[in-house]
Amino acid sequence: MAKVNKGCLASAAWYELPEDTREDILAFLPLECLCRSRSVCKEWNALFSSTKFITNKWAEAPPNKKPWLVLCKENNQRGGWVNCSRYCFFTRTWKNCISLSFLPRGDEKIQYFGSAQGLFLVDIPQGRNTVCNPLTQAFLQLPPMSSIKILMTRGIVSWKADTQETYKVVAVGLSPSNDALQVEIYDSSEKSWGVVRYLPETVDKFDLSQGIIFCDGFFYWIILDREAGMGVLGFSILEGTSTFTPFPELANDNAIWPKLLICGSRILLSGGVGPRRVWSMSMSMYTMFEIMEVVLWEFQNDSSSCSWKEISRMPPSLCEVFQRTSFHSFECVGVEDCVCFTAYQCMDFAVYNLKEETWSWLPTIDAGDGYPRLMAFKPRPDMKGPVWEGYFAF
């Protein structure tokens, strides 16, 4: 009697399953296994490169549903680049598995400006506004902007045009004609930039260092309005109209170190609150901001007005950990229903869960020296551009 190959039996049993069931099983593969499994056969290669499978099955499976928390460490030295680390909320582990070393950069460092659709928006030497997928190692340098001469801030947002998944890059900067602030938007489906509209003249052009966030067709940005003070500008990407919401009032003349973030469809303002300390050294006076507590507010937008509602404060026991490592500033980012905090030279991450209304710690990570940059990143191994070429890096 001929000997039966167990591998053949297993293969036959696999293909006896309905196609939809096979896809449901494969959707539980972690990213590293998914990328390596493309070489198993042509069928799997096509399936794992399919936007329909990635978005409808794989990205909705419990291990892959929540975006990663990505930590990048930057320093001020030429070529001083540290690879990104990512935290998976499903496995509750850190991994050092995101690298942009494939980008041409010479001895210059890469600057990050956000992520969407599984893509990073970065600057590389001779490549301002470069969009890349770290999984496929594909990248695209966008054409020069048509009208902005001095770039103030920018960001990337996913967009749907009919049934097609696209993205937009929103840039804010000074126009060459009259030094007015204007918005210029790159549309990936049209592969070109277009000028939308000028921002209000009262927006201060010299206090625009923070990044922008996106929600429901608007982008939001912390600004200084010369008439209304510090607050948040909301700008409609399609209509070109804007609104302004001032910061919440603080007691005891305290100052605020503000960070704007998005958690799902909720817009939050995270504020490090405390006094400004004035001290002297060598006949000069200096002002330093000392954070005493961290407060979270949620943006309230009704038909008549916009305002902020306080939803939580970081417990003193968590604040003390950050204060021991020089808590004069901090970084935070929203990852779906979680707000994640860290500080310079700190290996700890505090997390506020919006659904459970609880504070906790993530596992510590030693990611090296440098200032932390945080992002929420949803892996998309299917995302490539019409003129890109690349391969899977895992």
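These numbers were taken from a predicted model, which means no experiment stands behind them.
- Contact between Ile156 and Leu119 at its shortest, heavy atoms only, is CD1-CB, 4.4 Å.
- The side-chain hydrogen bond (donor to acceptor under 3.5 Å, both in side chains) test applied to Ser312 returns Trp359, not counting sequence neighbours.
- In this structure, Glu298 contributes its side chain and Arg266 its backbone to no donor-acceptor pair below 3.5 Å.
- Between Phe299 and Trp308, the ring centre distance stays below 6.0 Å.
- Taking the side chain as every heavy atom from C-beta outward, Leu261 and Val333 never approach each other to under 4.5 Å.
- A distance-only check finds a donor-acceptor pair linking the side chain of Asn64 to the backbone of Trp58 [under 3.5 Å].
- Looking at heavy atoms from C-beta onward, Leu318 lies out of side-chain contact with Val294 at the 4.5 angstrom threshold.
- Looking only at distances, a side-chain donor or acceptor of Asn133 sits under 3.5 Å from a matching main-chain atom of Arg380.
- The heavy-atom pair separating Ile54 from Pro381 by the smallest distance is CD1-CG, 3.7 Å.
- Shortest non-hydrogen contact noted between Ala171 and Ile148 is O-CD1, 3.8 Å.
- No donor-acceptor contact under 3.5 angstrom links the side chains of Thr51 and Glu165, judged on distance only.
- Taking the charged nitrogens against the carboxylate oxygens, Asp337 and Lys66 do have a contact shorter than 4.0 Å, which makes a salt bridge.
- Between the NZ atom in Lys65 and the CD atom in Glu336 there is a gap of 8.0 Å [rounded to 0.5 Å].
- Counted within 6.0 Å of NZ on Lys149, heavy atoms from surrounding residues, nucleotides or ligands total more than 12; the atom is thus considered enclosed.
- What you find for Thr364 and Trp94 is that their closest heavy atoms are O-CD1, 4.0 Å.
- Here the closest non-hydrogen pair linking Asp204 and Leu181 is O-CD1, 4.5 Å.
- Looking only at distances, a side-chain donor or acceptor of Thr342 sits under 3.5 Å from a matching main-chain atom of Asp348.
- In this structure, Cys338 and Cys263 approach most closely via the heavy-atom pair O-SG, 3.7 Å.
- Between Leu374 and Phe341, every side-chain heavy-atom pair lies at or beyond the 4.5 Å cut-off.
- Proximity of a side-chain donor or acceptor of Arg154 to a complementary backbone N or O of Phe113 within less than 3.5 Å is not detected.
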Pairs of donor and acceptor atoms involving the side chains of residues 227-248, under 3.5 Å and at least two apart or interchain, shall be tabulated with distances.
unit_1: Ser236; atom_1: OG; unit_2: Glu239; atom_2: N; d: 3.1

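- Of the possible donor and acceptor atoms, none in the side chain of Thr153 sits under 3.5 Å from a partner among the backbone N and O of Val172.
- Residues Thr358 and Asn353 have side chains that never bring a donor and an acceptor to within less than 3.5 angstrom of each other.
- Judged by distance alone, the side chain of Arg226 and the main-chain N or O of Val203 form a donor-acceptor pair under 3.5 Å.
- Ring geometry for Phe89 against Tyr87 counts as perpendicular: the plane angle is over 60°, on a 0 to 90° scale with 30° as the lower cut.
- The CD atom of Gln137 lies 5.5 Å from the CZ atom of Phe102; values are rounded to the nearest 0.5 Å.
- In this structure the side chain of Tyr112 never reaches within 4.5 angstrom of the side chain of Val70, judged on heavy atoms.
- Look at Lys259 and Glu331 and you find a salt bridge, because one of the NZ, NE, NH1 or NH2 atoms lies within 4.0 Å of a carboxylate O, short of that distance.
- Qualifying side-chain hydrogen bond (donor to acceptor under 3.5 Å, both in side chains) partners for Asp20, counting only residues two or more places apart in sequence or in other chains: Lys57.
- Here the two rings, on Trp193 and Tyr186, have centers that are under 6.0 Å apart.
- Considering only heavy atoms from C-beta on, Pro62 comes within 4.5 Å of Phe28 through its side chain.
- Under the 4.5 Å side-chain heavy-atom criterion for grouping Ile, Leu, Val, Met, Phe, Trp and Tyr, Phe90 is not connected to Phe349 through any hydrophobic cluster.
- Taking the six-membered ring for Trp and the full ring otherwise, the centers of Phe120 and Phe377 sit less than 6.0 Å from each other.
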